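Heads up, the thing below is written out as structure tokens.
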2 protein chains.
Amino acid sequence: MADIARLAGVSTSTVSRALSGSPLVNDETKTRITELARSLNYSINIGAQNLRLRQSRTVAVVIPYEAETRQHLSDPFFLSMLGSVADALTDRGFDMLLSRVDAERLDSIAQIYDTGRASGIILIGQWRHHDQLNQLAARRVPVVVWGAQLPQQLYVTVGSDNVSGGFLATEHLIRSGKRHIAFFGDIQLPEVAQRYEGYCKALIQYGRPVVPQLQVQASFAENGGREAVTELCQRQITFDALFACSDLLAMTSINSLRERHFRVPHDIAVVGYDDIELARYFHPPLSTVRQPMAQAGQALVEALLAIVDHDNNTQPRLLPTELIVRKSST
Amino acid sequence: MADIARLAGVSTSTVSRALSGSPLVNDETKTRITELARSLNYSINIGAQNLRLRQSRTVAVVIPYEAETRQHLSDPFFLSMLGSVADALTDRGFDMLLSRVDAERLDSIAQIYDTGRASGIILIGQWRHHDQLNQLAARRVPVVVWGAQLPQQLYVTVGSDNVSGGFLATEHLIRSGKRHIAFFGDIQLPEVAQRYEGYCKALIQYGRPVVPQLQVQASFAENGGREAVTELCQRQITFDALFACSDLLAMTSINSLRERHFRVPHDIAVVGYDDIELARYFHPPLSTVRQPMAQAGQALVEALLAIVDHDNNTQPRLLPTELIVRKSST
DNA sequence: ATGAAAGCGCTAACAG
DNA sequence: CTGTTAGCGCTTTCAT
């Protein structure tokens, strides 16, 4: 910057002003400086600017990983979410810091904020960590979580309407004439619990019994579908439909069902959750509950920036879900 | 920091030294300061530290997106790569900036470097952008690309041995008694071209003809498999095996083949590429060529940091590939 | 072993 | 409209 100032025969203040588009500077000098900057391939040093402005214009995004596997979840849903958040941040001129954090050490993300690396944190995946998240919020770390809204929650969540999603999927299966609808998902997880709630609600509303035997504690891991199908078959219970809590789970379940010579949808109708890109190209094309990804990134970023701006009244956001009917259920 | 200094009755210099573990400070005062810092929940401001140290300890990772769709590729391979790079960076105490960049405007990533936001850039996906990348390297932007090594290449690549990968897959299919092996992949892309080269090499080595009709220009997009299968069937050419250039492509192709009542592997043996997690849980479990993901992140980061340290002689790295035989081909 | 002072690259009063 | 000056939070000579 000093170089530019010297070459342009002005002070650094003027250069700074010119480059930030201040109206307080002569148009002629402004152009001269801008030209000079371009020809020298000069860009403002963001680090110094941020220091001076006492900001960071950076948001950290955290997708926790499981300690045992050290692996990121390979669910395309997360990549999609990442893209959506990246878009929303880019639109607002924020940088995105991606952090790898052990799911059991969520408190460590406070560091990202304390050290000034990011003005706030977006956590994708609430999992079982309600308490840790409450502690974070109590420490006044600006954080927004993608997940379910829970009672006694100190942190802000953005999530889709899981109860409604579960309801829509189940209602659709009931109306298609299915009588024994299995539910695949770990109801220890808040989001899944709410989908299960919607599932039960639909059954009850249509005068059907809620059969606990039909609920299988399927994990979101890659082999979740296979294991859940095995478990369900061992229970020797009749079922003619399946509501799986993620598309990936639905897909691996369908593969397993096929190995056991069930036909989908003829013998078993299947509905997934998320509506990942792949869902429509699966065989058969997968019926599913769509989470509004484009809105998700926007909503997460808006909520976080509100908190960063000390809006102490930021409310949790519930995004609408939508049933997408394809061949796997009809 | 000034606060701590005051409370500890020392100067900020001492606090700085204590917190950075300098040996030039009395053990007693060091503990006092450390305690104080912890109790105040204080962490060093990384931005200021970086400014003073004229570094950034941040690496930008770029996965370009296609302008038309504005969408990230939903291939789990990329998430896996992201995780691998994140690990390698975390190990070395670097932060990871994730940037969303239009594939047609790759030159814009120079900005990330010019503004000092990152000390260097890791680009995942070479695609067709050889020339743009050469320009970047010519501008002396520290950049490492995941992809194929090409002639007249000014930038550094890290990639797996695509020729060998293509060879292994094809050889395996030939040895399994297959006679008409289709190849799915866009050979405009350098990596795919090399896999095709390996495919041809194997055919020739085993005295088989290379039939151009068997090569289909399949895209990596979600519907790539379906379109390629349609295309191949329209050509009315016999085939009894398929080598697809990604696992995702292999999976969607298998789904499409099944719709057309081909049995896999009985009628058509299929081998994919990448060995994503999902491959072993697919039905049937997918034979594939594994790319060494754990090494990939390490190698990319090592190469980049070497360049950042002005090692002008950083060589491209070729990582080994490995054939994984599962049910889809036997 | 510790402190004073200078400065990383930038911006924002405050004067002129 | 432009320049002077001070300082964001930190590290590091250079003294002591």
Side-chain angles (χ1 to χ4, degrees), chain A residues 1-38 40-58 93-95 111-119 308, chain B residues 1-38 40-58 93-95 111-119 308:
Chain A
M1 192 153 185
D3 295 351
I4 309 235
R6 202 169 345 96
L7 290 171
V10 295
S11 75
T12 58
S13 323
T14 307
V15 177
S16 171
R17 285 195 271 253
L19 259 28
S20 67
S22 157
L24 295 158
V25 59
N26 193 325
D27 273 359
E28 192 197 316
T29 28
K30 193 181 281 187
T31 3
R32 187 153 42 92
I33 292 173
T34 318
E35 293 287 287
L36 210 48
R38 190 190 354 274
L40 291 181
N41 237 306
Y42 168 86
S43 305
I44 277 186
N45 181 312
I46 304 272
Q49 189 182 52
N50 283 339
L51 179 59
R52 176 64 233 231
L53 262 29
R54 318 164 109 258
Q55 54 167 23
S56 79
R57 293 206 75 80
T58 299
F94 273 74
D95 283 332
Q111 270 254 335
I112 302 172
Y113 173 71
D114 292 338
T115 57
R117 275 194 290 236
S119 342
V308 169
Chain B
M1 193 155 187
D3 295 350
I4 309 239
R6 202 169 344 96
L7 290 172
V10 295
S11 75
T12 59
S13 321
T14 308
V15 177
S16 171
R17 284 194 272 254
L19 258 30
S20 66
S22 157
L24 295 158
V25 59
N26 194 324
D27 274 359
E28 191 198 317
T29 29
K30 193 182 281 187
T31 6
R32 189 153 40 94
I33 291 173
T34 318
E35 293 288 289
L36 210 47
R38 189 190 355 271
L40 290 182
N41 237 306
Y42 168 86
S43 303
I44 278 186
N45 181 311
I46 304 272
Q49 188 183 51
N50 283 340
L51 179 60
R52 175 63 230 232
L53 262 30
R54 320 164 108 259
Q55 54 167 23
S56 79
R57 294 206 75 81
T58 299
F94 273 74
D95 283 332
Q111 271 254 335
I112 302 173
Y113 172 71
D114 291 338
T115 57
R117 274 195 291 237
S119 341
V308 170

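This structure is a prediction, so every number in the text was calculated from the model and none was measured. Letters A, B, ... mirror the listed sequences (proteins, then strands); counts begin at 1. These values consider heavy atoms only, across backbone and side chains, with no hydrogens, waters or symmetry-generated copies.
Taking atom CG of residue L24(A) and atom C1' of nucleotide dA12(C), one finds them 11 Å apart after rounding to whole Å. R54(A) has its CZ atom 15 Å from the P atom of dT11(C), to the nearest Å. Rounded to whole Å, atom C1' of dG9(C) lies 15 Å from atom CD of Q55(B). Atom pair R6(A):CZ and dG3(D):P shows a separation of 14 Å (rounding to whole Å applied). Remark: P of dG9(C) and CG of N50(A) are 15 Å apart, rounded to the nearest angstrom. I33(A) places its CD1 atom 12 Å from the C1' atom of dC1(D), with the value rounded to the nearest Å. Whole-Å rounding puts the L53(B) CG to dG9(C) C1' distance at 14 Å. Between the CD1 atom of I4(A) and the P atom of dC10(C) there is a distance of 9 Å, rounded to whole Å.
Listed for the T31(B) side chain is a donor-acceptor partner under 3.5 Å among the backbone atoms of D27(B).
Distance check, rounded to the nearest 0.5 Å: CG of L51(A) to OG of S56(A) gives 11.5 Å. Rounded to the nearest 0.5 Å, atoms CG (L36(B)) and OG1 (T29(B)) are 12.0 Å apart.
Using a 4.0 Å heavy-atom distance criterion, S20(A) is classed as making no nucleic acid contact. Residue-level contact check: L51(A) touches the bases, meaning some heavy atom is under 4.0 Å from a base atom. The residue S13(B) sits close to a base: some heavy atom pair falls under 4.0 Å.
Residue Q49(A) has no polar side-chain atom (N or O) positioned under 4.0 Å from OP1 or OP2 of dG9(C). At least one side-chain nitrogen or oxygen of T14(B) sits closer than 4.0 Å to the OP1 or OP2 atom of dG3(C). One finds a side-chain N or O of Y42(B) lying less than 4.0 angstrom from the OP1 or OP2 phosphate oxygen of dC10(D). Look at T29(B) and you'll find a side-chain N or O under 4.0 angstrom from OP1 or OP2 of dT2(C).
Donor-acceptor pairing under 3.5 Å, judged by distance alone, is present between the side chain of R17(B) and the base of dG3(C).
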Starting from the C-alpha separation in whole Å, work towards a yes-or-no answer on salt bridge (charged side-chain N to carboxylate O under 4.0 Å, His left out) for E35(A) and R38(A). CA-CA 5 Å; E35(A) 293 287 287; R38(A) 190 190 354 274; 3.1 Å; yes
Given salt bridge (charged side-chain N to carboxylate O under 4.0 Å, His left out), test D95(A) with R117(B) step by step and report yes or no. CA-CA 9 Å; D95(A) 283 332; R117(B) 274 195 291 237; 3.5 Å; yes
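For T12(B), taking side-chain heavy atoms from C-beta onward, the closest of the listed nucleotides dC10(C), dG3(C), dT11(D) is dT11(D). In this structure, of dC10(C), dT4(D), dG3(C), it is dC10(C) that holds the atom nearest to the side chain of N45(A).
Of the two residues contacting DNA chain D, namely S16(B) and P23(A), the nearest-nucleotide position lying further toward the 5' end is that of P23(A).
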